[in-house]
Colleague: 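What follows is a single structure, and I will ask about it in a moment.
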Amino acid sequence: MSNQRQTIQNHQPKDDLMTDTTTGTSLKPGTKDLVADGNLGGAQGKTTIADTVVSKIAGIATREVGGVYDLGGTAARTVGMIRDRIPGSKTNLSQGVTVEVGEKQAAIDLQIIAEYGVSIADLADGIRRNVISAVERMTGLEVTEVNIAVSDIHLEGEDDNTADADIEPAERRVQ
């Protein structure tokens with residue numbers, strides 16, 4: 001296999017075709033693999049990726065990791081619960097995600113709620129791996145950092161769907 005790989009890497013493309021050194025497949029000019037070098041511009045035009053696209057990808061990738069209960073702080077989650085109760089509304093996939101996107105790089109900040117009992121250090125490592133992999137694979141941008149803020153721990157059996165208005169006030173101890 002290493003001899004074959006060596007041959008592929010030393011192969012010189014013919015005429016105006018390029019060869020992908022990882023697979024040995026021929027590519028037409030301007031169709032370079034975006035993941036390989038983060039090249040979002042070429043002879044045929046420039047690709048621009050909006051912040052919201054990166055936010056959604058990062059939010060979905062974060063929710064895929066076991067041990068993440070939810071994203072966002074208390075205020076964002078409250079607004080999200082209200083929005084979810086409105087018929088026809090969509091879930092905000094970028095809730096708790098802040099991104100800064102440049103021409104070739106992206107930085108991502110996440111605010112999460114972790115499940116009780118999960119190692120937060122291991123959870124953060126898993127989130128970083130998944131988010132970096134998803135964003136770089138789908139956008140071709142280099143992810144320079146993924147900052148994670150754990151704002152709460154979710155206990156099993158906690159019911160987040162009850163509003164404070166539904167709770168009866170406790171009897172006053174002082175008159």
Side-chain angles (χ1 to χ4, degrees), residues 1-73 75-77 79-80 83-84 86-114 121-151:
M1 179 75 178
S2 63
N3 289 341
Q4 182 182 15
R5 184 145 180 94
Q6 186 71 19
T7 303
I8 291 171
Q9 289 177 342
N10 291 334
H11 173 71
Q12 294 298 318
K14 294 180 182 178
D15 300 326
D16 63 342
L17 293 179
M18 295 182 294
T19 302
D20 183 343
T21 57
T22 57
T23 62
T25 57
S26 294
L27 301 172
K28 291 182 181 177
T31 60
K32 264 181 105 173
D33 185 8
L34 291 178
V35 178
D37 63 2
N39 184 12
L40 294 174
Q44 297 174 341
K46 180 179 179 182
T47 302
T48 306
I49 299 173
D51 293 3
T52 55
V53 172
V54 177
S55 293
K56 285 182 180 181
I57 293 168
I60 292 168
T62 301
R63 286 176 173 85
E64 290 175 347
V65 178
V68 174
Y69 175 72
D70 203 359
L71 272 76
R77 289 183 19 227
V79 170
R83 182 180 35 250
D84 289 344
I86 298 171
S89 68
K90 295 180 181 178
T91 302
N92 183 4
L93 298 174
S94 59
Q95 172 182 302
V97 181
T98 307
V99 300
E100 188 176 330
V101 179
E103 287 185 24
K104 296 182 179 185
Q105 296 178 328
I108 302 167
D109 297 325
L110 303 169
Q111 188 174 18
I112 69 162
I113 310 300
D122 292 343
L123 179 62
D125 286 342
I127 291 170
R128 278 190 188 92
R129 276 193 309 272
N130 206 40
V131 168
I132 290 170
S133 172
V135 170
E136 287 184 349
R137 178 177 45 84
M138 294 178 72
T139 66
L141 294 167
E142 175 192 1
V143 178
T144 57
E145 61 183 22
V146 177
N147 300 311
I148 301 169
V150 181
S151 60

Colleague: Could you tell me the separation between the CD1 atom of Ile57 and the CD1 atom of Ile108, rounded to the nearest 0.5 Å?
Modeller: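 Rounded to the nearest 0.5 Å, the CD1-CD1 separation comes to 8.5 Å.
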Colleague: Which pairs with one or both residues in residues 48-60 pass side-chain hydrogen bond (donor to acceptor under 3.5 Å, both in side chains), sequence neighbours excluded?
Modeller: none
Colleague: Could you tell me which non-hydrogen atom of Val101 sits nearest to which non-hydrogen atom of Ile49, and how far apart they are?
Modeller: CG1-O, 3.9 Å
Colleague: Apply side-chain contact (heavy atoms from CB on, under 4.5 Å) to the pair Val97 and Thr62, showing each step before the final yes or no.
Modeller: CA-CA 9 Å; Val97 181; Thr62 301; 5.6 Å; no
Colleague: Does some side-chain heavy atom of Asp70 sit less than 4.5 Å from a side-chain heavy atom of Gln95?
Modeller: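 Yes, at least one pair of side-chain atoms sits under 4.5 Å.
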Colleague: Distance from Arg137 atom CZ to Ile132 atom CD1, nearest 0.5 Å?
Modeller: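 Going from the CZ atom of Arg137 to the CD1 atom of Ile132 covers 13.5 Å.
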Colleague: Which atoms form the tightest heavy-atom contact between Leu141 and Glu136, and what is the distance?
Modeller: O-CG, 3.0 Å
Colleague: Using modelled atom types and a 3.5 Å cut-off, is there a donor and acceptor pairing between side-chain atoms of Arg63 and backbone atoms of Leu71?
Modeller: no
Colleague: Within the side chain of Glu142, is there an N or O that forms a donor-acceptor pair under 3.5 Å with the backbone of Lys104?
Modeller: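 No, the answer is negative, given that no donor and acceptor are paired below the 3.5 Å cut-off.
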Colleague: Work out which heavy atom in Ala106 is nearest to a heavy atom in Val54; give both atom names and the distance.
Modeller: CB-CG1, 4.5 Å
Colleague: Could you please spell out the steps behind the side-chain contact (heavy atoms from CB on, under 4.5 Å) verdict for Arg128 and Val143?
Modeller: CA-CA 10 Å; Arg128 278 190 188 92; Val143 178; over 6 Å; no
Colleague: Looking at every heavy atom in both Ile113 and Gly72, which two are closest together, and how far apart are they?
Modeller: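 So the minimum-distance heavy-atom pair works out to CD1-O, 3.5 Å.
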Colleague: Nearest 0.5 Å please: distance from the CD1 atom of Ile60 over to the OG atom of Ser94.
Modeller: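 Taking CD1 in Ile60 and OG in Ser94, the distance rounds to 9.5 Å.
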Colleague: For the atom pair CG (Leu123) and CD1 (Ile148), what is the distance rounded to the nearest 0.5 Å?
Modeller: 7.0 Å
Colleague: Counting only heavy atoms from other residues, nucleotides and ligands, does the tally under 6.0 Å from CD of Glu64 exceed 12?
Modeller: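 Correct, the count exceeds 12.
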